[in-house]
Structure formats: C-alpha cells, structure tokens
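Remarks on the structure that follows.
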2 protein chains.
Amino acid sequence: MRSKQSTITIHDVAKAAGVSVSTASRVLNNKADVSPETYKKVRQVIDDLNYTASLAAKSMRSRTTNVLGLLVPELIEVYYHEVIKGVGAAIENSGYDLLIYTSGSPTRNKRASWEREHVALLSSGLTDGCIIVSPSAPTFQQNANIVVIDPHGAGAEVPSVVATNHEGAIQAVDYLVSLGHRRIGFVQGHPTAWSALQRFEGYKAGLHKAGIEFEAALVCEGDFTSACGKAATYHLMNQPNPPSAIFAANDRTAIGVLEAAQELGLNVPQDLSVIGFDNIPETMQTTPRLTTIDQSIREMGSLGVRLLIDRLQNRESAQLLHTVPTHLVVRDSCWMRK
Amino acid sequence: MRSKQSTITIHDVAKAAGVSVSTASRVLNNKADVSPETYKKVRQVIDDLNYTASLAAKSMRSRTTNVLGLLVPELIEVYYHEVIKGVGAAIENSGYDLLIYTSGSPTRNKRASWEREHVALLSSGLTDGCIIVSPSAPTFQQNANIVVIDPHGAGAEVPSVVATNHEGAIQAVDYLVSLGHRRIGFVQGHPTAWSALQRFEGYKAGLHKAGIEFEAALVCEGDFTSACGKAATYHLMNQPNPPSAIFAANDRTAIGVLEAAQELGLNVPQDLSVIGFDNIPETMQTTPRLTTIDQSIREMGSLGVRLLIDRLQNRESAQLLHTVPTHLVVRDSCWMRK
DNA sequence: AAACACGCTGGAAACGATACCGGAAACGCG
DNA sequence: CGCGTTTCCGGTATCGTTTCCAGCGTGTTT
C-alpha cells in the first residue's frame, strides 16, 4: 500500500473557517443563505488550502456533475481520434467537462460485456450522460442518457449518429463507373457492423443503378483491417478475370489494398483503381493519395455532443437516428479504365 | 431535474442472491473466505442484473481504483492527440484503465487555477495517479502520484518527461549551416514554456558552434501559434538584409511561416528555407513538406505512463527528469543557400 | 469432553459530500 | 412587550461501497 495522501476535505475547510460543514458546502456551491462575511471567510480558506471537492463524493450524493463521458474502445486507431477531435471541439465553451474512458485491460476484448460494464461505470453517477463510439450491442437502459456514434446493429432505442453509408457507397460506385469501370471488386467491412452492411448494400445498389450485374466472385470478406485488404487483393487479382477497380469498405482496408498492389507489381491507378471510405488523415499520405468517401467523423463527434446536451436539457427531438452526409473526395488512386 | 435512473446497487444484488452486502462485495472483489456455491450464486445474480459497481462509491471508500488519469488542456490541437496516442499505446494491456479529463468551461483559460483544481479532482480518489500535459505551474503536492509531460518551467519536483529541446535546436541549426546558411531567423515559442526557452538557447548555441554571431534582429517573439509565424515572417523578410532560412520554435509556427512566404511570393525552399520542431502529422501535408526536428511526442506519452506505473508500484527511480531524444527529419522545406 | 481454530457470513462504521430540517438570533409590527 | 418572519447556521440522514469485527456452526486438538 502506498502512503495515504493527506487529502483535505470539506471538514478541514469548515474547521479552519470555524463554521459547520453545511455552511462550507453552501459557500462552495454558491447557495443563498450565507452572510457575506462568512462567505468571504470560507472562500479565503478554500483558496488557502487549495481545496477541491472530491468528484467521487460529490457525484455520489448529488446526481449531477456537469461532466460528459465518452467511451472509446481504444486510443490508437486514428478513427477514434477524429471522433475525439469532434467531441473536443463541441465541448469547448459548452460548460461541460469531458471524461474520456478507455480500458487497458485484456478483458476489453470481450467487447459486449466491456461496454455494458463501462457504460454503467460512467453513468453510475460520475457523468451526467455519455457517448459511446461504435458499440457492438447498442441495447441500453431506456432512460439512460446515452448517445451512440456509428453503432453496430441497427435500430437502437437511443439517439444515434451515423453517416449516410448507403448513399456514400453508391457515390463511390458511381464515380468508378463514370471512369469506365465495369468490374469493381469490393472488400467488406466487419460483418457485425451495421455501417459495413450498409456500405455493401450501397455497393450493390450502385452496380444495379449502372446496370452492372452483381458478381459474388468480386466480393471478399473483411473486418476493417489493412490485413484483410491485402489478402482480398491477392485473391481478387489472381483470378482469371480480375477487377479493374477495388472499393474497400474503409480506408484502413484500402491501404492494405494499396500495399498488396505494390507487392504484386501493379500500378495504382493505371493498372488498378482503389477507393476507400472514411477519409482518415493517413489517406493524404499514401502513394498515391487515396481517393475516398468522406464521412466527416469529426462532425459525427460534434453532433453526438450536441445531441447529448440537448437530451440532458430536455430539448431532445423525437428523432432518434441522425445522419451526417458523406461525399466523394477525389485524389490520385482512381483512373480511367484502360 | 431529470427522472432518477433506477440504478441498481450492491444491495439489490445481495437481496436477489439472498446474502448480505458484505458477502456480495467479497464476491465482487474475488476476496477469499466465501464458499464456492455462494460465490457462484452471487456471480450469477450479478450477471443477470447487469450490475456494475459505481466507480464513485468504490473510489470513495477504497483508495485504489486501477485507473490512471490524463489531464489535457484541450482536444483540438494535434499535439495533444499525439500524446494521447502514446499514452493509449502504453496503457494497452497494462491492467490499468484510463481517464482523460479536459474542461469545456471558459474558466479553463485561467490555466494555473484550472490545473490545480483538476489535478485535485482526479487525484482525490478517482484515479490512482495522473499525468499532466504541459502544466504551466508544475508545483504539486510532494507525495501525489503525478507525472508531468513537457512542463512549463524547469525543476519540477515530480517526475517529468521532456524532449532534448536544446540539442534538437542545435541539430536544426547545424543542418541549416551545412546547407550554407549564415543568416538564420528564429521565431520563439511561448515565453513561459521551458521547452521554448531551451530551443532558443539551442539556437544560440548552434550559431556559436558555427562561429556565427548572434543577431537580435533575426529573432522574433512568438507563442507557438501559426499566426505568430506569419507575423514574424513578414517582419523578417521585409528587413533590408533578410535571412535565408527561418527556424520556427514549433511546427505550428513553421506552418505560419510557410503561409506567409507564399503570400509574399517567396518560393520555399529555393528563396527561403524553413525548419520546424515537433514533427506533428500535418508537416507531411504542407507544400513543401516541412523539414523538422522530431521530438517523438508519442514516446513521451508512453514514457509518462511507464513512469507513473513504476511510481505506483514503488519501482520508482530516483531520477526525476527523463528525456526523449530528438532527431532531424529531412523533408522538402530546406535547400542550399543560393 | 472441553477448548480451540477455522471457514463462512452478517452487521455496522466509515469514506466525503449534499439535502433537508429545525433552531437561534434579529427585526418589524401591532 | 409579544409574536411572526426573515436570515443565517448547525445537525443529521443519506448516497453505494469496502472494511473491520463479531458470531456461529463444524471439525480438530489435548
């Protein structure tokens, strides 16, 4: 055990100021019913002692903390940083503080239980409400103050922020088609992710719209990693009749496609066009720079904060599903079909 | 007031399992002295009820939470995100959870008091220890479990992580000198930052080493923003005898220099060489790509976590100041002097 | 057979803060 | 002067958890 930190409490303040704890508390919270001189005296002591109320104790007693929680699965993938930037921007001058929680425990892998546990953790008084990013099982207590961003699984009963994944995928296919491509490969996203499914559906809808018949052989399974992009590329390009373009369900996967293409000696975009989805910062640093569908991840974070605050202040709209538009970002990884 | 969230407590668990709260608590914490069948029964109930202990109550009672705190001033500037990535990487599988705290209140601007307040907030039981990024007044309780990263002001009495700012600046000047530059402008960093001072000193030391006389007219004040880089460039380049290279105290400022150069119709690097400091991701996307001194911000974050955990587990070394090496990253913004 | 140890359990006191209630002055008014 | 109000303050219960201590059956020892 470590040495106990002689943390100073409201009792110390009260004693030093010669008042009761109740009075000290009243001063702390700027409540009425305290004489000016008492107020000044206690304030002085608070300053002198460098006293700050324990968030733990405070939030245990009174159920409101002015703190918002953000639950992210990890802190390495840039995607989450983009969300955090959006949240950070929205929190500025909102009057709320922000608590981002992530777990370093190996148990984190059991995503579903991890989420359940930590949502409870945050909403058990520490925060007034909380935003969950990419929850795998978006089923929560009805009355909890929760907003989810990009949930796995549709039809959550809490306010959700999602990108127009379906339309975005159509935009991607449209673009490739406009460049003359007819055989377009697709690398799927994580099978449990609703966004992945929507993108796949959009891919099919885009083909249909262009009068191109869907071909199962051009579709590979995936899980949003770059590894699956690589594997898919090897698989697709070694077919007898390989595609002239590959649409990856997200940028991370598209980066894997780019790597594989290079290893296979294929020039992008001359020999193979590649398009991604998300518009993460790295896409500007790949060679060639990746053409992609932007889903304004930041905007999703900001919107999440606004929705949560609205809900907390009872200004909530009846609408549960909130969408952020996607749009095509043309860079250098797509070219006319030869 | 909002509707009370019917949050379920350990009492509910105890009642449902037909045991006392003490026993329920023992099961929760995997303490000894509880019969296997009781254990199983209680575990079952915990699962069924989706119960999670309130962090607030827990940390109030027992002084150890297995949570580390990270205090950042804001969440927009990429610099902090790099730190967070490093921290995030180090926290993985460390067995600790992470709580990042930032404030959205306008009072945040009163940095010193904000820090004092929030350090107390976090260390008042919520976390086992905490890491503070860029604290302006690194004077804390002696026995608090605190680690600081890139503190303003030298000689903190808590473990600190800093880059070799002095050496890094020398490296920058060395490089410019090796390209034939003799008149090298300098845009200073924020005056209260120790790192800024060190870089300035390094700049002077580098000149001295090369036998170049220091010239006050070539130095501009700054504050780490891009705006000051712009202003400084206008000022420097409109002098009768302008410098052939500008060394900015950080990348953000260097980006301002780049912008101003473009506005002035100066070609970088042909007409003007520019070098920054930090190596933030944006430096790869500027035109031309910015040559800079890398200070491995991520590594600083990771090291911070390791130091904190060491301290918590009493494996602390006597050394207080920990440095991370800087090194030159050559890209496209510097060229031989004409 | 008495005494003792031991495994398991429940009761109650804390942790630090706030909310509620009630009491003591001070003051105004008939 | 008595009485009701107002102003200010202190006491106490309470939030959900852990920890300490005591109790109670059994099994083991002398």
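Within every chain, numbering begins at 1; the chains are lettered A, B, ... in the order of the sequence lines, protein sequences first and strands thereafter. Atom set for the values below is all heavy atoms of this structure, side chains included, hydrogens, waters and symmetry mates excluded.
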Say you draw a straight line from CD1 of I309(B) to CD1 of I131(B); how long is it, rounded to the nearest 0.5 Å?
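Nearest 0.5 Å value for the CD1-CD1 distance: 8.0 Å.
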
Return the set of residues passing salt bridge (charged side-chain N to carboxylate O under 4.0 Å, His left out) with R298(A) (not counting sequence neighbours), or none when no residue passes.
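For R298(A) the salt bridge (charged side-chain N to carboxylate O under 4.0 Å, His left out) partners, ignoring immediate neighbours, are E82(A).
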
[X] side chain near [Y] side chain, heavy-atom distance below 4.5 Å:
X       : Y       : answer
I100(A) : Y80(A)  : no
L308(B) : V305(B) : no
I10(B)  : L28(B)  : yes
R43(A)  : I46(A)  : yes
V45(B)  : V19(B)  : no

Is it the case that the side chain of [X] and the backbone of [Y] share a donor-acceptor pair, with hydrogens and angles ignored and the cut-off at 3.5 Å?
X       : Y       : value
D128(A) : L68(A)  : no
T102(A) : V72(A)  : yes
S94(B)  : I91(B)  : yes
S160(B) : V148(B) : no
T127(B) : C130(B) : no
Q313(A) : R315(A) : no
D47(B)  : Q44(B)  : no

Residues S25(A), S22(A); criterion side-chain hydrogen bond (donor to acceptor under 3.5 Å, both in side chains); working and verdict
CA-CA 5 Å; S25(A) 172; S22(A) 330; over 6 Å; no

Summarise how protein sits on nucleotides 10-19 of chain D as a single string, 5' to 3': B when a protein heavy atom is under 4.0 Å from the base, S for sugar-phosphate-only contact, - for no contact.
BB-BBBBBBB

Sub-4.0 Å heavy-atom contacts from residues 35-44 of chain A onto DNA chain D, ordered by number:
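DNA chain D contact set from residues 35-44 of chain A: S35(A), T38(A).
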
Could you tell me from which nucleotide to which nucleotide of DNA chain C, 5' to 3', there is an atom under 4.0 Å from chain B heavy atoms?
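In short, chain B contacts DNA chain C from dC8(C) to dG16(C).
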
Net bend of the helix from dA1(C)-dT30(D) to dG30(C)-dC1(D), end axes of five pairs each, nearest 10 degrees:
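Inter-axis angle at the ends, rounded: 60°.
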
N/O contacts under 3.5 Å, protein versus nucleotides 23-28 of chain D?
none

